[in-house]
Each structure stands twice: as structure tokens, then as C-alpha cells.
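Order of the sequence lines fixes the chain letters, A, B, ..., with proteins taken first and strands second; residue numbering starts at 1 for each chain.
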Protein chains: 2
Amino acid sequence: MNTSDEIEISQSEWETMRVIWTLQKATSHQIIEILEEKLGWKASTTKTYLGRLVKKGALRTSKNGREFIYQPMIEEQVAMDNASKSLFVHLCQHKVGTTLANLIDQIELSKSDIQMLIGKLEEKAQTAPDKVSCNCLPEDCDMDCKMEDM
Amino acid sequence: MNTSDEIEISQSEWETMRVIWTLQKATSHQIIEILEEKLGWKASTTKTYLGRLVKKGALRTSKNGREFIYQPMIEEQVAMDNASKSLFVHLCQHKVGTTLANLIDQIELSKSDIQMLIGKLEEKAQTAPDKVSCNCLPEDCDMDCKMEDM
DNA sequence: TTTTTAAGTTTACAAATGTAGTCTATATTT
DNA sequence: AAATATAGACTACATTTGTAAACTTAAAAA
């Protein structure tokens with residue numbers, strides 16, 4: 001399903017990564033404790049995800065006495081960009097504008113984030129097309145699509 | 001994993017929904033043909049997804065002679081909003097601004113979408129906080145987090 | 001040194017997912 | 001009316017995912 005070299009991370013694995021990304025390095029003990037408190041996971045559950053993530057190459061460990069130190073092998077921002085990109089690729093192009101707008105309504109952004117985004121958008125406006133068309137059907141789809149609103 | 005009454009739609013099911021959302025109504029024949037062309041799916045594969053989507057309540061059918069007419073039971077924009085929302089909920093709050101910016105770099109937006117987004121952001125700026133903090137660890141996490149940059 | 005603890009490894013198992021072949025019943029064609 | 005095409009139902013099966021118990025081994029404590 002994934003032709004590139006990107007590492008696939010499931011939802012639960014993602015939650016595991018978040019704590020390590022945030023702490024930058026952590027022992028399983030810490031990670032287990034946090035995830036037990038945050039999500040109610042059993043220790044073995046977290047251990048499973050940790051093991052899977054190491055196997056996938058998303059984490060690496062270095063031994064330190066009895067414990068291992070877990071560290072991310074992939075950057076959080078890169079992973080976030082990939083995740084958001086690969087969601088939006090599957091959305092109707094024609095509707096991503098509205099989706100973004102609704103999303104912005106829902107999430108928290110700082111004043112400086114907002115300024116940055118406005119800047120980015122103003123720049124993008126220079127070269128933006130007047131309209132974006134739906135890409136939900138194959139390129140050469142000449143069937144009588146009922147796409148009145150496109 | 002999903003406590004609400006939202007219908008869970010997998011990646012492949014999503015691709016199936018896209019064509020029906022776009023056509024608004026379609027026979028399995030049309031859908032099969034489109035997905036074979038667009039994604040190389042075998043007829044039975046598409047039939048499986050169609051069946052699963054009907055069972056989940058994402059599609060409904062009405063018989064018309066030998067064929068069935070498939071129609072969406074959930075709105076595309078609503079589904080898109082849910083999908084984007086539930087992705088972003090799992091991202092580090094502290095980094096969503098940058099993620100959004102990178103996303104905007106990657107996708108296509110029309111001039112009017114961009115204007116709309118700028119408007120939305122300007123409005124949001126009024127009440128925006130100066131900074132948003134990371135929510136990757138539990139609320140009352142008093143461990144010695146190495147979160148220098150937050 | 002012996003015991004205990006705990007970190008990582010193995011095993012388990014159901015549900016979801018991707019993918020597709022086979023069967024059955026019925027609409028359509030001959 | 002008989003033959004045929006085909007739509008949807010049923011079956012299949014490997015992989016991934018969520019979830020967690022049991023086991024093993026080595027470090028730490030007694």
C-alpha cells in the first residue's frame with residue numbers, strides 16, 4: 001500500500017511516538033507510565049507498540065544498565081507533514097478549501113501561527129488558479145458525470 | 001476506538017465513497033468501471049467495499065431492475081471535516097500551525113478559497129492566544145520533561 | 001550470593017482491512 | 001421457455017492493528 005520508503009505508523013503507535021517526540025528520549029518505564037495515565041494502556045500494550053516501532057525503524061534504543069533509552073528515528077514535523085499530506089491527497093480537491101477552513105475553526109492556533117499562515121496564503125494567492133476541479137474520478141472519465149457544481 | 005456514532009471508513013472504502021459522492025448516485029457497474037480504471041481494482045474488490053459500506057450505513061441502495069443504485073448516506077463535506085479533525089487531534093498542538101503551513105504549500109487552492117481562509121484567519125486572530133502549548137503528555141504530567149522549546 | 005524486580009521478547013487472539021474468487025438468484029436476451 | 005449474463009451475497013485469506021498475558025534474562029537489592 002505504501003510504495004515509498006515512508007514508515008507506516010498506526011494510530012496507537014502514533015500516540016506512543018508523541019510522548020517520545022516530546023521527551024526526545026525516554027525509558028520504557030517513563031513511556032509506560034505516561035501512556036497508562038494518559039490513555040489507560042496496560043504496560044504490555046505499550047511494550048508491544050515500542051517493540052513494533054523499533055522493528056519498523058521509527059525508534060531506536062540504546063542500552064543503559066537494565067533499561068533502554070528510546071529515541072525517535074524520524075522527525076515529528078516530517079511525520080506530521082506526511083500524515084496531513086496523505087490525508088488531504090485522498091480528499092476531493094474541490095473541497096479542500098472548505099475543509100481547511102472548517103479545520104481552522106476547530107483547532108487552536110497562536111497569533112503568530114495565524115500571521116504566518118496569512119502570509120503564506122497571501123503569497124500563494126499570487127499564483128493560485130481561479131478554480132480547482134474535482135479529482136475524484138479518473139482523468140479521462142468521459143462518462144456523463146452529474147457534476148453540476150464543479 | 002470510536003466512541004461516537006461516527007461511521008468509520010477505511011482508506012479503500014474512502015476511495016469508493018469518493019466516486020459515489022462525486023456522481024451522487026451510481027450503479028455498481030459504473031463504480032466498478034471507474035475504480036478499475038482509476039486504481040486497478042478487480043470488480044469483486046469493489047463489490048466487497050460496496051457491501052461493507054452499505055452494511056456500515058455509509059451507502060444505501062435502491063433496486064432498479066437488475067441493478068442497484070448506490071447513494072451516499074453521509075455527506076462528503078461532513079466526512080471530510082471529521083477525517084481532518086480526527087487527524088489533527090492526534091498531532092502535537094504546538095506544531096499544528098507549521099503543519100498547516102506546510103500542507104498549504106503542498107495542496108492546490110483557488111483564489112477564492114485563499115481569500116476565504118485569510119478572512120477566517122483574520123477573524124480568528126482576534127481571540128487567538130499568544131502561544132499554544134504541547135498536549136502530548138497528560139495534563140498533570142509533572143515529570144522533568146525536556147521540553148525546552150515549548 | 002541468592003532473591004527479586006523489571007525490561008524486553010514471545011505468544012495470543014479478535015477485529016479490521018485489502019484483495020479477490022465463487023455462488024446464487026434473477027433480469028434480460030434469444 | 002430456455003439460455004445467459006450479471007448483481008449482489010458468501011467465502012477466503014493474509015496482513016495489520018489493538019490489546020494484553022506469559023516468559024526469559026539480566027540487573028539490582030537483600
Whether [X] contacts [N] is assessed here as follows: a side-chain N or O lying under 4.0 Å from the phosphate OP1 or OP2. Is that the case?
X	N	answer
A:S28	C:dG8	yes
B:T45	C:dA20	yes
A:S12	D:dG18	yes

Which whole-number value in Å describes the distance from [X] [atom1] to [N] [atom2]?
X	N	atom1	atom2	value
B:W41	C:dT17	CH2	P	13 Å
A:I32	D:dA20	CD1	P	13 Å
B:L53	D:dG8	CG	C1'	14 Å
B:I9	C:dT17	CD1	P	10 Å
A:E8	C:dG18	CD	C1'	13 Å
B:E36	C:dT19	CD	P	14 Å
B:Q30	D:dA7	CD	P	11 Å
A:E13	D:dT19	CD	P	12 Å

Quiz item: Going only through I, L, V, M, F, W and Y residues with side-chain contacts under 4.5 Å, is there a path from B:V132 to B:I104?
Solution: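 No: no chain of side-chain contacts under 4.5 Å links B:V132 to B:I104.
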Quiz item: Should B:I114 and A:M116 be regarded as members of a common hydrophobic cluster, given that ILVMFWY residues are connected when their side-chain heavy atoms come within less than 4.5 Å of each other, either directly or indirectly?
Solution: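 No, no single cluster joins them.
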Quiz item: Quick one: the side chain of A:T48 and the base of D:dA20, do they pair up donor-acceptor inside 3.5 Å?
Solution: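 Answer is yes: a donor-acceptor pair is held.
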What does [X] touch in the nucleic acid at a heavy-atom separation under 4.0 angstrom: a base, only the sugar-phosphate, or nothing?
X	answer
B:S10	sugar-phosphate
B:K47	base
A:K56	sugar-phosphate

Quiz item: Which of the following nucleotides, D:dA21, C:dA12, C:dG18, is nearest to the side chain of A:R52?
Solution: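 Closest nucleotide among those given: C:dA12.
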Practice problem: Step by step, work out the side-chain contact (heavy atoms from CB on, under 4.5 Å) result for A:I74 and A:I9. | Solution: CA-CA 11 Å; A:I74 55 187; A:I9 293 174; 3.5 Å; yes
Practice problem: Verify side-chain contact (heavy atoms from CB on, under 4.5 Å) between B:Y70 and B:L23, making sure each step is shown before the conclusion. | Solution: CA-CA 10 Å; B:Y70 288 84; B:L23 298 178; over 6 Å; no
Quiz item: Between B:T99 and A:Q77, does any side-chain donor sit less than 3.5 Å from a side-chain acceptor?
Solution: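 Indeed, the side chains of B:T99 and A:Q77 share at least one donor-acceptor pair under 3.5 Å.
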Exercise. Using a strict 4.0 Å threshold on nitrogen-to-oxygen distance, state whether B:K95 and A:E76 make a salt bridge.
Key: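 Yes, charged N to carboxylate O under 4.0 Å.
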Quiz item: Quick check: does any side chain N or O of A:K111 sit under 3.5 Å from a backbone N or O of B:D130, one acting as donor and the other as acceptor?
Solution: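 No; zero donor-acceptor contacts below 3.5 Å.
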Quiz item: Tell me, which of residues 63-72 of chain A have any heavy atom that sits under 4.0 Å from an atom in DNA chain D?
Solution: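 Contacting residues: A:G65, A:R66.
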